[in-house]
Amino acid sequence: MAVVRLLSPAAPAAPAAPPVRPAAQVVPAEVRTPAASALSAAVRRAAPALALYTAIRALGVAVLFVWSGFTGRNPWVLLSERWDSLWYTRIAEHGYAFAVQAPDGRHLSSMAFFPLFPWLEQTVSAVTRLSAPHAGLLVSLLASVAAAWGIFALADRTYGRRAATVLVVLWAALPVGIVQSMAYSESLFVALAAWSLYAAVTHRWITAGLLASLAGLTRPVGLAVAAALLVAAFCAWRTARPAVPPAPGRRARAVLGCLIAPLGAASYILWVGWERGALFGYLDVQGEWGNGFDAGIAFARFVAASMGAGAWAGVLVLLAVVLLSVWPHWLGLRQRVPVPLVVYSAVVTLLAVGASGYFGSKPRLLLPAFPILFPLALALARARPARAATLLTVLVALSAAYGAFWLNGSGPP
């Protein structure tokens with residue numbers, strides 16, 4: 001509701017007084033449009049959850065700095081100039097002409113990385129004069145807060161403020177939550193995916209399609225957002241009341257949003273194919289990196305080989321992560337998690353588990369599948385406050401310690 005504050009007019013002068021010039025019209029001190037009022041209310045409602053998110057991530061970074069002081073490593077380098085972040089920096093600085101010859105003879109092309117994050121990195125660097133790695137950190141920082149807000153908005157709409165706040169805390173305190181604070185594309189992708197899903201469940205189809213398309217320009221798993229949008233449109237059509245005629249153009253907007261959603265990922269994949277001179281050139285690029293999709297066969301072989309080599313602890317933890325990412329989908333459907341969110345997280349999980357690439361990165365690849373945390377968030381929201389606060393505090397502490405340990409180690413988890 002618009003809030004307009006007006007000043008009352010001055011009282012008229014007494015009849016005996018000489019005439020005076022009318023006072024100048026006073027401009028209202030504050031005039032808010034309905035959209036501005038709605039945004040202000042949304043910010044106030046999400047503020048506690050976003051404050052908690054920021055504090056958790058700040059704690060993770062602070063522990064990393066302290067830990068790095070003992071190991072002699074540069075924490076800024078660990079956050080912005082390591083592994084994938086190096087490739088994003090090279091794309092921002094040199095474009096897609098950059099490639100590396102691996103020691104085993106493989107030709108590793110930068111085309112394996114989708115373009116939106118390095119484009120933003122390049123833009124922010126040009127505007128702020130920050131180095132490309134530090135510009136990437138700034139992009140990731142802002143995107144992570146936007147992602148937390150989008151996750152809160154989705155959960156708040158379905159389960160209320162308390163469960164939504166718990167969900168944000170859980171996502172911030174994931175074991176690999178430090179990735180949200182690195183110059184990686186995960187935070188940007190989750191921000192676009194979460195707000196696209198929110199637009200879909202609120203029937204803002206064009207906005208949902210545009211955000212899904214941008215998510216597709218960020219990571220290949222952006223196709224999961226397009227699939228969720230299609231399911232959301234189908235569910236809206238199935239549940240529409242026959243007695244109430246649809247608003248003019250609503251179905252057309254839904255169809256248009258669904259058509260827009262996959263364009264980002266499709267356009268980049270087709271461009272790579274054009275550059276490579278082959279329709280499936282992008283798959284060739286990923287194959288050179290050792291990435292592919294075999295529905296989990298290679299992963300099963302990896303687990304079996306690791307057990308045979310005696311690496312039981314790491315294998316059991318990895319298996320637990322994978323299994324715990326499957327069960328919540330079934331439970332989420334029983335708890336009435338919106339179907340598009342379940343479809344989105346199921347596709348993300350399937351692509352992560354079924355990929356044949358580096359298996360230690362699977363926990364990070366599951367980071368965008370935030371809907372799998374819904375059942376745990378609901379359980380904690382319904383638990384006694386002291387018990388829930390204790391468990392969440394332990395998770396936050398473990399996440400901060402593990403993030404510092406991992407980045408100061410020798411490789412991905």
Side-chain angles (χ1 to χ4, degrees), residues 45-61 63 143-182 186-187 189-191 193-195 197-198 317 320-338 341-342 344-346 348-349 352 362-403 406 413:
R45 187 168 180 83
L50 298 183
L52 284 172
Y53 176 81
T54 303
I56 293 168
R57 294 295 353 117
L59 174 64
V61 173
V63 172
S144 67
V145 177
W149 191 3
I151 292 171
F152 174 87
L154 279 167
D156 185 29
R157 177 179 174 81
T158 307
Y159 296 109
R161 188 177 187 177
R162 182 180 177 86
T165 302
V166 173
L167 179 63
V168 169
V169 171
L170 287 173
W171 190 67
L174 287 172
V176 291
I178 191 66
V179 173
Q180 300 165 26
S181 302
M182 297 174 66
E186 273 78 3
S187 291
F189 175 80
V190 174
W195 284 109
L197 292 169
Y198 182 81
V317 171
V321 169
V322 172
L323 292 175
L324 289 175
S325 68
V326 175
W327 170 70
H329 293 96
W330 171 79
L331 188 58
L333 288 173
R334 293 188 59 188
Q335 295 176 338
R336 299 184 182 276
V337 174
L341 272 66
V342 176
Y344 161 76
S345 62
V348 172
T349 302
K362 291 192 183 295
R364 177 175 65 85
L365 297 179
L366 288 167
L367 188 66
F370 61 87
I372 66 178
L373 298 172
F374 266 103
L376 180 56
L378 286 173
L380 290 175
R382 295 165 180 167
R384 294 180 179 178
R387 183 176 301 175
T390 300
L391 178 58
L392 290 173
T393 300
V394 171
L395 291 177
V396 168
L398 291 176
S399 173
Y402 179 74
W406 165 37

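- Applying the side chain to side chain donor-acceptor pair (under 3.5 Å) criterion to R157, with sequence neighbours excluded, gives no partner residue.
- Screening S187, S181, S144 against R57 for a side-chain hydrogen bond (donor to acceptor under 3.5 Å, both in side chains) leaves a single residue, S181.
- In this structure L398 satisfies the side-chain contact (heavy atoms from CB on, under 4.5 Å) test together with V394, sequence neighbours excluded.
- Contact record, R161 with D156: N-OD1, 3.1 Å, taken as the closest heavy-atom pair.
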Compile the donor-acceptor pairs under 3.5 Å between side chains in residues 171-178 and protein atoms, sequence neighbours left out, one pair per line.
| unit_1 | atom_1 | unit_2 | atom_2 | d |
| --- | --- | --- | --- | --- |
| W171 | NE1 | L367 | O | 3.1 |

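- With hydrogens and angles ignored, the 3.5 Å screen pairs no side-chain donor or acceptor of T158 with any backbone N or O of A155.
- Residues passing the side-chain contact (heavy atoms from CB on, under 4.5 Å) test with L52, sequence neighbours excluded: T165, V169.
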Open item on the list: Applying side chain to side chain contact (heavy atoms under 4.5 Å, CB included) to F370 and L197, what does each step give before you reach the verdict?
Closed with: CA-CA 12 Å; F370 61 87; L197 292 169; 4.2 Å; yes
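- Shortest non-hydrogen contact noted between V63 and A400 is CG1-O, 3.6 Å.
- F189 meets the ring-ring contact (aromatic ring centres under 6.0 Å, His included) test with no other residue; sequence neighbours excluded.
- Residue pairs meeting the side chain to side chain donor-acceptor pair (under 3.5 Å) criterion with at least one partner in residues 388-400, sequence neighbours excluded, do not occur; the list is empty.
- Every residue meeting the side chain to side chain donor-acceptor pair (under 3.5 Å) condition with E186, not counting sequence neighbours, appears here in chain and number order: R219, R364.
- Residues A377 and A163 share a closest heavy-atom pair of CB-O, 4.0 Å.
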Task: side chain to side chain contact (heavy atoms under 4.5 Å, CB included) between I151 and Y53, intermediate numbers included - done: CA-CA 11 Å; I151 292 171; Y53 176 81; over 6 Å; no
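- The aromatic ring centres of Y198 and W195 sit less than 6.0 Å apart.
- Summarising the geometry of V145 relative to L50, their closest heavy-atom pair is O-CD2, 3.9 Å, with the distance given to 0.1 Å.
- Taking both residues in full, the closest heavy atoms of A369 and V348 are given as CB-CG1, 3.8 Å, listed atom of the first, atom of the second, then distance.
- Distance check: T349 OG1 to I372 CD1 gives 5.5 Å after rounding to the nearest 0.5 Å.
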